[in-house]
Amino acid sequence: MDQRFPPSHRLHHGRDYSRVFNRQHKAAGRHVVVLLRAREERALDARLGIMVAVKTVSTAVRRHQLKRWVREFFRTRLHEVVRGYDVVVLFRADPPPEGHQLLSDEISALANKALATKPQGQSRSRDGGRRPAPARQPTGAP
RNA sequence: GUUCGCCGCCAGACGGCCGCGUCCGGCGCAAGCCGGCCGAGGAAAGUCCGGGCUCCACAGGGCACAGUGGCUGGUAACUCCAGCCGUCUCCAGUGGCAAGGGGAUAGGGACAGUACAACAGAAAGCGAACCGCCUGCGCCGGGCAACCGGCGUCGGUAAGGGUGAAAAGGUGGGGUAAGAGCCCACCGCUCCGGCCGUGAGGCAGGAGGCAUUGCAAACCCCACUGGGAGCAAGCCCAGACCGCGACGAGGUGCUGCCCGCACCGUCCGAGCCGCGAGUAGGGUGCAUGAGUGCCAGUGUCAACGCUGGCUCCGAGAGAAAUGGCCGUCCUCGACAGGACCCGGCUUAUCGGCGGCCUUUGCAC
RNA sequence: UGGAGGUUAGUGCAGUCAGCAGCAUACGGGUCUGUGAAUCCCGCGACGUGGGUGCAAUUCCCAUACCUCCAA
């Protein structure tokens, strides 16, 4: 199985994040919130974005470490599970210092939970209602 | 003796698998793939100072404002560093000083002016008499008298008591009715000239009997320094849209004000406000520099230079790269992640290594 | 990257040219009432930390920690 993590597997622009926030499958856990949004084609690779606020984690070293943990889990396992989706992992609290495995389990559970929910729209932007909602239903997800 | 004198260095190691970023080479129409090199710190941090570099008139004058404040040196520069001076303090030492050692030190000016000094105390800043001490005078009492005691009063007096953080030079002696720099010695202070030192200052001498209280990290005065913005600075390439309405004679370049200068504009209208619309792509700046280490010579107490030779110099992203798992070992691994770049300061930090001490420090 | 401000009682705030630490509310006790609230009286409790200046520091200065806000 391909476990690489090229630039095409990442979210690069603020617009990409905004798209995920506008219409997403959401599941919140103890430490993170997982947001999913279907891409145009099912066959497209999943893309990952990670958000860690300075307020939730104060030191830069810890923020980098958390991002690396999430990336590692996405690269090895989560990538195949959420194929065809854009994923944003938003931290809401700092996990325990040695909580790498714990965090991976939490994200895995939240991703599956989010796939099972209906997409929620946030039509606060001016083009929110213009788009005819091309997102497919999550019932088709594996 | 749990961060124990001074100086310097390191920041778990090795192996395997998977993975990330720039660059180079190869392949591919392209997306990308394969291989290779390299890939965070001593603080990268806080942003407390100082520069470099850019653009704004190559940067102007004055006020305001801000900063600095012993001297000399170092440095590109500094609120940095070194040495020295003064002051305070501790140790040691002495009969007492002095010589010696450690530590702290934002340390110009208080006859330019203003403000403040609570409480206590008689008096606290155009200097003071509460208790005392003393001469004289009056009254009373005692005594033959000299005189003694008490009370009152006009004065003298800063030695003693008491208050205070601070009471007007200090100590000792002389002197006096009692006292007092009133006089004398030493110390201190002020002034004068002399010598030494680049200087801050130091040394001894002479003169003056000596009301200059403290506070300027209160305002202030003096001297010196400071133009503004910041790599999202700035430069280049490519590309899109450049419409409507209101106000409008000034606007912008420096922040508060004045002057000066430059540019744009004064109804064919700069600018600004409210909408609408569009773009937010690439390159450069972007890393070889006030560089690093060693050796030799040389200047210096030192900080730090100078000359010559050799050596090492390899992060440069653009939502943003150093990680995960497994194994072995040990002393079980701290604080912590570049974003234009340097020099300092400050703060965080499990530990380990080396050097220097005939000066054994720093604290108890 | 550049700049501004704040930290005082459990909570929200006063306290400018230094000598007292205050107000409201909350809390505890009492008063009142058949009970509770309101009222009235009493009480409890604080200057972020470390240095410096000064006789004396919440106040002035320096450093530090944390928080908030602004501009691009």
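To find a chain, count down the sequence lines: A is the first, B the second, and so on, and within it residues start at 1. Values in this document were obtained by computation on a predicted structure and should not be read as measured data.
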S.K.: For a quick check of understanding: with a heavy-atom distance under 4.0 Å over all strands, which category does Ile50(A) fall into, base, sugar-phosphate or nothing?
M.R.: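 It contacts nothing in the nucleic acid.
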S.K.: For nucleotides rG52(B) and rA290(B), find the distance between their P atoms and express it as a whole number of Å.
M.R.: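 Their P atoms lie roughly 11 Å apart.
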S.K.: Considering only rA336(B), rG323(B), rC325(B), which nucleotide approaches the side chain of Glu72(A) most closely?
M.R.: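 The listed nucleotide nearest to Glu72(A)'s side chain is rG323(B).
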S.K.: From CZ of Arg68(A) over to P of rG39(B), roughly how many Å is that when rounded to an integer?
M.R.: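 Roughly 16 Å, once rounded to whole Å.
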S.K.: Taking atom CG of Leu36(A) and atom CG of Asp86(A), what is their separation to the nearest 0.5 Å?
M.R.: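 If I round to the nearest 0.5 Å, the distance is 9.0 Å.
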S.K.: Indicate, with a heavy-atom threshold strictly under 4.0 Å, whether Arg62(A) touches base, sugar-phosphate, or nothing.
M.R.: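 Contact class for Arg62(A): none.
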S.K.: Please report, rounded to the nearest Å, how far the P atom of rG323(B) is from the CZ atom of Arg63(A).
M.R.: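 Taking CZ of Arg63(A) and P of rG323(B), I get 17 Å after rounding.
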S.K.: Between Arg83(A), Arg75(A), Arg4(A), which is the residue that forms a salt bridge (Lys or Arg N to Asp or Glu O under 4.0 Å) with Asp45(A)?
M.R.: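 Going through Arg83(A), Arg75(A), Arg4(A) one by one, the salt bridge (Lys or Arg N to Asp or Glu O under 4.0 Å) with Asp45(A) is satisfied by Arg83(A) alone.
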S.K.: Is the glycosidic torsion of rG269(B) within 90° of 0, making it syn, or is it anti?
M.R.: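 Classified anti.
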S.K.: Taking the six-membered ring of Phe5(A), is NZ or CZ of Arg10(A) closer than 6.0 Å to its centre and within 45° of its axis?
M.R.: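 Arg10(A) over Phe5(A) ring: yes.
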S.K.: Report which part of the nucleic acid Tyr17(A) touches: base, sugar-phosphate, or nothing (heavy-atom distance under 4.0 Å, all strands).
M.R.: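 Sugar-phosphate contact only.
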S.K.: Pick the P atom in rG62(B) and in rU225(B), then give their distance to the nearest Å.
M.R.: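 Roughly 12 Å separates the two P atoms.
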S.K.: Kindly indicate whether the side chain of Arg4(A) and the base of rC18(B) share any N or O donor-acceptor pair separated by less than 3.5 Å?
M.R.: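 In this structure, the two groups form no donor-acceptor pair.
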S.K.: Going by the angle between their ring planes, with limits at 30° and 60°, are His25(A) and Tyr85(A) parallel, tilted or perpendicular?
M.R.: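 Plane angle over 60°, so perpendicular.
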S.K.: Which nucleotide, rG21(B), rC18(B), rA336(B), lies nearest any side-chain atom of Gln3(A)?
M.R.: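 The answer is rC18(B), which lies nearest to the side chain.
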S.K.: To check you understand the geometry: which heavy-atom pair defines the closest contact between His31(A) and Glu106(A), and what is its length?
M.R.: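 That would be N-OE2, 2.8 Å.
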S.K.: Determine the Euclidean distance between corresponding C1' atoms of rC340(B) and rC18(B); express it in Å to zero decimal places.
M.R.: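 Here rC18(B) and rC340(B) have their C1' atoms 36 Å from each other.
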S.K.: Please pick, from rA320(B), rG337(B), rC325(B), the nucleotide with the shortest atom-to-atom distance to any side-chain atom of His12(A).
M.R.: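 Within the option list, the nearest is rA320(B).
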S.K.: Tell me whether the OP1 or OP2 atom of rA319(B) has a side-chain N or O from Arg10(A) closer than 4.0 Å.
M.R.: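 For rA319(B), OP1/OP2 do not have a side-chain N/O of Arg10(A) under 4.0 Å.
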S.K.: Searching all strands shown, indicate the nucleotide that pairs with rG327(B) (Watson-Crick or G-U wobble; both distances under 3.5 Å).
M.R.: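 Partner of rG327(B): rC14(B).
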S.K.: Using atom P of each nucleotide, how far apart are rG121(B) and rA166(B) to the nearest Å?
M.R.: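 Each nucleotide's P atom is 16 Å from the other's.
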S.K.: Look at His64(A) and rA40(B) and indicate whether a side-chain polar atom (N or O) is within less than 4.0 Å of OP1 or OP2.
M.R.: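 For rA40(B), neither OP1 nor OP2 has a side-chain N or O of His64(A) closer than 4.0 Å.
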S.K.: What does rG35(B) pair with, Watson-Crick or G-U, if both distances are under 3.5 Å?
M.R.: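 Its partner is rC24(B) (Watson-Crick or G-U wobble, both distances under 3.5 Å).
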S.K.: Work out how far the P atom of rC187(B) is from that of rA204(B), and round it to whole angstrom.
M.R.: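 Rounded to whole Å, the distance is 9 Å.
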S.K.: To the nearest angstrom, how far is His9(A) atom NE2 from rG32(B) atom C1'?
M.R.: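 It is 11 Å, rounded to the nearest whole Å.
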S.K.: If you measure only the distance, is there a donor-acceptor pair under 3.5 Å linking the side chains of Arg62(A) and Gln65(A)?
M.R.: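 Present: a donor and an acceptor within the cut-off.
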S.K.: rA18(C): syn or anti, with syn meaning chi within 90° of zero?
M.R.: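 Nucleotide rA18(C) adopts anti.
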S.K.: When you compare rA92(B) with rC97(B), how far apart are their C1' atoms, in angstrom units rounded to a whole number?
M.R.: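 Comparing C1' positions in rA92(B) and rC97(B) gives a spacing of 15 Å.
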S.K.: Apply the side-chain contact (heavy atoms from CB on, under 4.5 Å) test between His9(A) and each candidate in His79(A), Arg47(A), Arg71(A); give the one that qualifies.
M.R.: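 The passing option is His79(A).
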S.K.: Pick the P atom in rG169(B) and in rU157(B), then give their distance to the nearest Å.
M.R.: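 Approximately 15 Å lies between the P atom of rG169(B) and that of rU157(B).
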S.K.: Determine which nucleotide pairs with rU288(B), using a 3.5 Å limit on both distances of a Watson-Crick or G-U wobble pair.
M.R.: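 Its partner is none (no Watson-Crick or G-U wobble pair with both distances under 3.5 Å).
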S.K.: For Asp86(A) and rA319(B), give me the distance from atom CG to atom C1', rounded to whole Å.
M.R.: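 Interatomic distance, CG of Asp86(A) to C1' of rA319(B): 14 Å.
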S.K.: Using the closest heavy atom to pick a nucleotide of RNA chain B for each, name whichever of Ser8(A) or Arg75(A) lands nearer the 5' end.
M.R.: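 Result: Arg75(A).
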S.K.: When the distance from CZ of Phe5(A) to C1' of rC20(B) is rounded to whole Å, what number comes out?
M.R.: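 To the nearest whole Å, that distance equals 9 Å.
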S.K.: Any strand is fair game: report the nucleotide pairing with rC335(B) by Watson-Crick or G-U wobble, both distances under 3.5 Å, or none.
M.R.: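 Answer to the pairing question: rG41(B), which forms a Watson-Crick or G-U pair with rC335(B).
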S.K.: May I ask which nucleotide in the shown strands pairs with rG8(B), Watson-Crick or G-U wobble, both distances under 3.5 Å?
M.R.: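 Result: rC353(B).
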S.K.: Hunt down the Watson-Crick or G-U wobble partner of rC310(B), both distances under 3.5 Å, from any strand shown, or write none.
M.R.: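 Checking every strand shown, rC310(B) finds its partner in rG293(B), with both distances under 3.5 Å.
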S.K.: Atom CG of Leu66(A) to atom P of rG324(B): distance rounded to whole Å?
M.R.: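 Distance, rounded to whole Å: 11 Å.
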S.K.: Determine the interatomic distance between P on rG41(B) and the same-named atom on rG337(B); round to the nearest Å.
M.R.: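 Result for the P pair: 14 Å, nearest Å.
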S.K.: Under a 3.5 Å cut-off for both contacts, is rC84(B) paired Watson-Crick or G-U wobble with anything, and if yes, with which nucleotide?
M.R.: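 Its partner is rG70(B) (Watson-Crick or G-U wobble, both distances under 3.5 Å).
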